[in-house]
Amino acid sequence: MSACCFPVKREKSRNSSSNGSSKVSSKVSSKPQPVDKNEGAQERKPRIVCFGEMLIDFVPTVSGVSLAEAVGFKKAAGGAPANVAVQIARLGGSAAFIGKVGQDEFGFMLADILNQNNVDNSGMRFDPHARTALAFVTLKNDGEREFMFYRNPSADMLLREDEVEGNLIKEASIFHYGSISLIEEPCRSAHLAAMDIAKKSGCILSYDPNLRLPLWPSAEAARKGIMSIWNQSDIIKINEEETAFLTGGDDPYDDDVVVKKLFHPNLMLLLVTEGVEGCRYYTKEFKGKVAGFKADAIDTTGAGDSFVGGIVNILASDPNLFKDEKLLREALLFANVCGGITVTKRGAIPALPYKEAVLQTISKSLNSIQH
């Protein structure tokens with residue numbers, strides 16, 4: 001189901017701040033219906049708050065061509081933290097998103113998409129002076145991609161500390177974020193303030209750096225920025241390319257390198273994803289690897305975010321998951337399948353799977369192994 005294609009009917013009410021930024025509440029006629037925050041069942045679920053960017057990805061309709069050669073593009077909602085929030089909700093979890101978009105049609109569309117996917121969007125802000133970020137994605141034949149961003153500046157970069165919905169964070173069990181929101185002020189200060197609220201409120205801090213080198217002033221600035229909050233995070237997910245980048249070019253598959261350079265004393269869980277090969281996990285007590293889920297990749301955009309959504313949603317229900325290796329391995333298998341399903345469709349949010357699809361895929365895989 002392509003979330004960006006839902007027909008929507010909006011009734012917008014705006015409360016403007018002193019500088020013109022707005023809170024916009026949307027009512028949509030599409031299914032699934034928006035979250036009812038007063039519903040008892042919703043309140044009982046451990047909530048995960050995702051902080052950062054949400055944008056529009058333009059994905060070519062044909063793989064293996066350059067942006068200039070592409071004859072058409074599919075519009076799809078994206079942005080790593082928002083992807084994670086939607087994945088959590090599609091798996092039956094309780095998710096909220098904090099970030100800023102433009103007070104434009106794309107921004108309103110993104111707010112509606114979160115609503116349609118049962119993600120609390122009350123932490124979104126709308127900037128009347130900056131546009132919603134856009135990203136054009138080049139798809140290689142194997143589904144891997146490259147990005148061209150339009151954000152000079154885009155609204156997500158302009159979120160201020162006084163616009164952060166602190167009460168949302170205080171109600172959360174897990175606070176998840178990336179590193180793109182650390183690149184520019186004022187968003188960097190807003191990010192650090194949100195982390196501070198989360199830490200003081202007893203949240204588990206979940207970090208996926210989601211390295212996008214073209215957005216940083218330099219490679220060194222990226223490395224320094226990403227590592228600046230490394231030791232404050234309780235759970236960190238990186239891929240093998242990010243592992244090599246952050247360790248200065250060392251072998252990303254060497255467990256000793258990973259533990260020595262990237263595992264800090266307060267870390268509960270470090271995850272290194274390897275695409276179709278699965279993922280490695282490191283805790284204070286044990287380490288290991290869980291095999292990946294093989295799928296015919298069309299577009300890998302959002303696969304890592306789907307993986308993160310899968311694991312943190314389980315962790316929210318069982319905060320001690322990282323202490324039980326058997327349960328952790330089962331959870332990581334589930335997360336691997338989430339990511340594997342995501343690569344079989346174009347776009348990030350449109351491709352994120354629902355819980356039933358993940359369970360059915362796992363069941364079929366187990367049945368094929370048994371026979």
Side-chain angles (χ1 to χ4, degrees), residues 1-5 48 50 52-61 63 74-93 95 97 110 113-114 116-119 135 137-147 176 178 206 208 210 212 237-242 271-279 290-314 331-365:
M1 183 182 298
S2 179
C4 67
C5 298
I48 303 167
C50 300
E53 70 279 3
M54 190 174 190
L55 48 84
I56 304 291
D57 288 328
F58 286 91
V59 185
T61 54
S63 300
K74 176 183 176 182
K75 178 182 62 183
N83 296 341
V84 173
V86 171
Q87 182 61 90
I88 291 163
R90 288 189 178 180
L91 295 175
F97 174 75
L110 294 175
I113 287 172
L114 291 182
Q116 293 160 12
N117 283 279
N118 290 335
V119 174
V137 186
T138 302
L139 293 180
K140 300 178 183 177
N141 285 324
D142 61 359
E144 288 297 330
R145 69 269 190 255
E146 296 175 350
F147 295 88
H176 176 75
S206 168
D208 178 0
N210 194 38
R212 295 287 180 266
K237 173 263 173 188
I238 48 178
N239 60 33
E240 63 266 62
E241 291 179 4
E242 291 163 341
L271 298 168
V272 180
T273 57
E274 300 178 5
V276 295
E277 298 302 320
C279 66
V290 175
F293 172 72
K294 303 295 191 295
D296 294 327
I298 295 175
D299 179 7
T300 59
T301 307
D305 306 325
S306 180
F307 172 90
V308 171
I311 190 65
V312 297
N313 184 55
I314 297 173
L332 291 173
L333 171 63
F334 183 93
N336 281 343
V337 173
C338 288
I341 294 174
T342 300
V343 306
T344 62
K345 296 180 181 178
R346 296 183 190 276
I349 286 179
L352 300 173
Y354 288 86
K355 184 176 183 178
E356 294 75 14
V358 179
L359 294 176
Q360 288 174 8
T361 300
I362 293 174
S363 179
K364 289 179 182 178
S365 297

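Everything numeric in this text was worked out from a predicted model, so none of it was measured. Hydrogens, waters and symmetry mates are skipped; everything else that's a heavy atom, side chains included, is used.
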All ring pair (Phe, Tyr, Trp, His ring centres under 6.0 Å) counterparts of Phe293, not counting sequence neighbours: none

Smallest separation among heavy atoms of Pro350 and Arg90, with atom names: O-NH1, 4.1 Å

N/O donor-acceptor pair under 3.5 Å between Thr361 side chain and Ala357 backbone: yes

Which residues share a side-chain hydrogen bond (donor to acceptor under 3.5 Å, both in side chains) with Ser306, sequence neighbours left out: Gln87, Thr342

Heavy-atom donor-acceptor pair, Asp299 side chain to Thr301 backbone, under 3.5 Å: yes

Those residues that, when tested against Asp208, pass salt bridge (charged side-chain N to carboxylate O under 4.0 Å, His left out) (two or more places apart): Lys237

Those residues that, when tested against Thr273, pass side-chain hydrogen bond (donor to acceptor under 3.5 Å, both in side chains) (two or more places apart): none

Side-chain donor/acceptor of Arg346 to backbone N/O of Thr61, under 3.5 Å: yes

Donor-acceptor contact present, side-chain His176 to main-chain Ser206, <3.5 Å: yes

Any side-chain heavy-atom pair of Leu91 and Cys338 under 4.5 Å: yes

Student check: side-chain heavy atoms of Phe334 and Ile311 closer than 4.5 Å: no

Over all atoms of both residues, closest heavy-atom pair of Lys294 and Val276: NZ-O, 3.5 Å

Any residue meeting side-chain hydrogen bond (donor to acceptor under 3.5 Å, both in side chains) with Asn313, in chain and number order, not counting sequence neighbours: none

Contact summary for Asn239 and Glu241, nearest pair of heavy atoms: OD1-N, 3.1 Å

Partners passing salt bridge (charged side-chain N to carboxylate O under 4.0 Å, His left out) against Glu274 (at least two apart in sequence or in another chain): Arg280, Lys289

Working for side chain to side chain contact (heavy atoms under 4.5 Å, CB included), residues Phe58 and Lys74: CA-CA 6 Å; Phe58 286 91; Lys74 176 183 176 182; over 6 Å; no

